[in-house]
Amino acid sequence: MADGVDRRTFLKHTAGAAIGGSAAGASTPQQNATRSPAPPADDDSLTTDRCGADCMVDVLKAIGFDYICANPGSSFRALHESIVNYGANAKPELITCCHEESSVAMAHGFAKIEGRPIAVIAHGTVGLQHAAMAVYNAYCDRVPVYIVVGNTLDATERRPGVEWAHSVQDAASLVRDFTKWDDMPLSLEHFAESAVRAYSLATTAPMGPVVIIADSELQERPIAVDFKLRIPKVTSSTAPQGELSAIAEVAKLLVAAENPVIVADRMARTPAGLASLIDLAETLQAGVIDQGGRMNFPSRHPLNQSGQSRAALAGADIVVGLELTDFWGTINTFRDQLHRSSRSILKAGAKTIAISTRELGLKANYQEFQRLPEVDLAIAGDAEATLPSLVEAVKRLVTADRRRAFEDRGKRLAESSRNAHDRARADAAYAWEASPVTTARLSLELWDAIRGDDWSLVSYLNPVSGWPMRLWTFDKHSQFIGGSGGSGIGYTAPASVGAALANRKHGRLTVTIQPDGDLMYAPGVLWTAAHHRIPLLMVMHNNRAYHQEVMHLQRMANRHNRGVDRAHIGTTITDPNIDFAKLAQGLGVHAEGPIERPADLAPALKRAIAVVKRGEPVLVDVVTQPR
Amino acid sequence: MAVLSAQSPSASDPDLVERGRQTFVRVGCYQCHGREAQGASTGPRLGPNPLPRAVFARAVRTPRNDMPPYSVKILSDRELEDVYVFVTARPAPARPR
């Protein structure tokens, strides 16, 4: 501010400062820059008993956040201080993170267990840039993450040097392509309204991340001790339901179909979605393919056809896709050879129906929306919210004749499901004694260790060949949360810690199968788990490689007739081998390994679970086969 | 198209099996199929009881799916035979788990 006038002192002595907001006289950041106030007296100008950040904490409390994840940064120093002092560090409690990507991914994992977001604070330019990849994952995964970003918009108020590098004209622009909404409030009243709006938007399907800028001037502004900010009512919209006449048409087609197949991906947001899909499938005795974006359908249900999805789709006369990430990829093959080609899996005349919110939330730049599937009927609506109407419509149309046909179909599907499970058990037995440990043995030893508990597996299953979904009994919504969304590596470790934080109050045993390359992005999250006493069983899938990329290099090397001898360069994590147990121990986490003999795994898991049940995180490093 | 010889070396010869194992690892088969050819989501189980020789060779040389093609420049017919011996010699599991 010009003439050496301290802005906070100035604000304290203006009428506007006494009421805290801008409309009745307190300055916006822009207004401050144009005024030339008289200098205040110095004697009482160095302290204040309340500040704008206190009001922001009131807003965060009103919204109902349990936690707020942050790596500290000066652009939100006042908000940080208000959270821990004014807000007594409770609801929200500050979770100390070692990287902003970890903060956001923790919030991602938490929301998928709890069904509602926690908050993140990120530091100006540098914090949000660190966070960006995790924000993109949450966006692709349609998960609500609530991000508050510190910034100093008024250039005349910035401290020389670093604060300039940490300030930005339009902070949210960095992530605007992959967030649902953002705002840069100019007053505390504006902050309250936009913060509440952001929460509502983030939690309305299709859900997604939101960003609210907390300007440092607003945070640090002195306010009157008795000032009370008006906070709008916090209301989330109900999820949009598919149009009823279209639902009636779908019901008619399903009841008449000889072989309907239901495919679900990011469908079951809550346990109600799981229950509704069971109801629909059992009413129709229709096969279900769970693509694993959420815990959509019990793994051992007799109608579950996920283990033979290609055959199920090839025989379908109707395919209903529920919140599919990639409908086109579901019903087409794609051959990744020198000349790429594709063909439909479906038989001629098969009908395709999509029930999804995808069309309600697409953006242009980032291409996560996949190829156009050309479905026969597309219903814009949240599939979980739409299923109850569809179930009722189907039940109204079922006749005794159709019910008999359904029962016959159900028996065939049950046999197919049983055979698939028997095949999986037989397949898992191959190379049982091999070292490195097979991913099948890892999965079965882990299953034996946890099956008696209320467990929750919070890692994605592709890296271990999907064995848990083929071998374990998943039948509760909290037992699985799907994957990262954007396949940005570095998600699994922090999302697992976030999911474990959510599971803690429910007393669930949280388990993650942790890829090695993923953990190396930001292993500091182990310290966060130790520091906050977050119980988590982390079992390493340590194949000492970025294995997906090994396979891509092999593909290129063979395609170019050069052989795979050098495919390990830049794709493997050896020489030296990483000692993950020592890494974890150094960060305060109980750990053991590396385990290379398969017979050593079961006793190690038993010891580890005992520690987790005392309320601590544990890492068990297992050297594994590639997939 | 290269086809494995009708008179292939025996899968009961430990030296030949070991030679096949080394080739199996060196040319990266294990990355998708596992070190014991036990299979994974990235590639099916190959042994014991692999595909008939001619079908196996065709799948390696000119795969119909996403598998990287192995031309004779990077995997000779003899090396392919070695791999076949190795996968044929894989032990069957004692019982389902």
Side-chain angles (χ1 to χ4, degrees), chain A residues 333-338 340 421-441 443-445 447-448 461-467 470-471 543 545 547-548 550-565 567-568 571-572 624-627, chain B residues 2 17 21-50 57-80 82-83 86-97:
Chain A
T333 62
F334 190 91
R335 187 166 176 249
D336 181 9
Q337 293 288 4
L338 188 60
R340 298 181 176 194
H421 184 67
D422 290 346
R423 275 198 308 276
R425 291 180 64 236
D427 288 346
Y430 284 88
W432 187 254
E433 301 297 338
S435 174
V437 180
T438 67
T439 53
R441 179 152 188 181
S443 301
L444 273 176
E445 296 284 10
W447 173 234
D448 281 345
L461 304 179
N462 271 8
V464 289
S465 291
W467 283 113
R470 296 175 67 192
L471 297 168
N543 59 15
H547 185 255
Q548 183 75 31
V550 172
M551 292 189 293
H552 278 302
L553 260 288
Q554 286 194 340
R555 187 179 307 286
M556 292 300 102
N558 277 18
R559 187 176 293 179
H560 303 148
N561 278 322
R562 295 165 183 151
V564 303
D565 298 24
H568 65 283
T571 56
T572 51
T624 50
Q625 302 237 349
R627 285 289 172 107
Chain B
V17 172
R21 187 191 66 75
Q22 290 177 13
T23 303
F24 186 83
V25 171
R26 183 177 58 75
V27 302
C29 306
Y30 78 98
Q31 297 283 8
C32 298
H33 298 278
R35 287 183 175 273
E36 295 297 321
Q38 76 271 15
S41 59
T42 45
R45 178 165 54 79
L46 301 177
N49 307 315
R58 193 160 55 242
V60 172
R61 299 292 191 211
T62 54
R64 305 284 299 167
N65 50 21
D66 280 356
M67 177 172 150
Y70 281 79
S71 69
V72 289
K73 287 180 73 173
I74 56 176
L75 183 73
S76 70
D77 284 344
R78 201 196 84 167
E79 289 170 327
L80 178 52
D82 291 345
V83 169
F86 170 71
V87 300
T88 304
R90 295 305 83 218
R95 58 184 172 80
R97 294 286 166 177

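Below, chains carry the letters A, B, ... as their sequence lines are ordered, and counting in each starts from 1.
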### Message
Rounded to the nearest 0.5 Å, what separates atom CD1 in B:I74 from atom NE2 in A:H560?
### Response
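NE2 of A:H560 is found 11.0 Å from CD1 of B:I74.
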#### Entry: Residue list, salt bridge (charged side-chain N to carboxylate O under 4.0 Å, His left out) with A:R441, at least two apart or on another chain
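So A:R441 forms a salt bridge (charged side-chain N to carboxylate O under 4.0 Å, His left out) with A:E433, A:E445.
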Side chain from CB out, backbone as N, CA, C, O: work out which of these in [X] comes under 4.5 Å of a heavy atom of chain A, or both, or neither.
| X | result |
| --- | --- |
| B:R64 | backbone |
| B:P63 | both |
| B:N65 | backbone |

### Query
A:Y430 ring centre to B:R90 NZ or CZ under 6.0 Å, with the angle to the axis within 45°?
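Checked: cation-pi criterion not met.
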### Message
Quick one, A:N558 with B:M67, criterion side chain to side chain contact (heavy atoms under 4.5 Å, CB included). Give me CA distance, side-chain angles, the key distance, then yes/no.
### Response
CA-CA 10 Å; A:N558 277 18; B:M67 177 172 150; over 6 Å; no
### Message
Using every non-hydrogen atom in the two residues, find where B:S41 and A:S465 come nearest and quote the distance to one decimal.
### Response
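Of all heavy-atom pairs spanning B:S41 and A:S465, the closest is N-OG, 2.9 Å.
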### Query
Distance-only, no hydrogens or angles: does the B:D66 side chain make a donor-acceptor pair with backbone N or O of A:D336 under 3.5 Å?
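Pair found, side chain donor or acceptor close to backbone of A:D336.
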### Interface moiety of A:Q554 toward chain B, non-hydrogen atoms closer than 4.5 Å
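Contact with chain B is through both the backbone and side chain of A:Q554.
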### Query
By a 4.5 Å heavy-atom criterion (distance strictly below it), what part of A:N462 contacts chain B: side chain, backbone, both, or neither?
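Backbone only.
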### Query
Who passes side chain to side chain donor-acceptor pair (under 3.5 Å) against B:R35, sequence neighbours left out?
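Counting only residues at least two positions away or on another chain, B:R35 forms no side chain to side chain donor-acceptor pair (under 3.5 Å).
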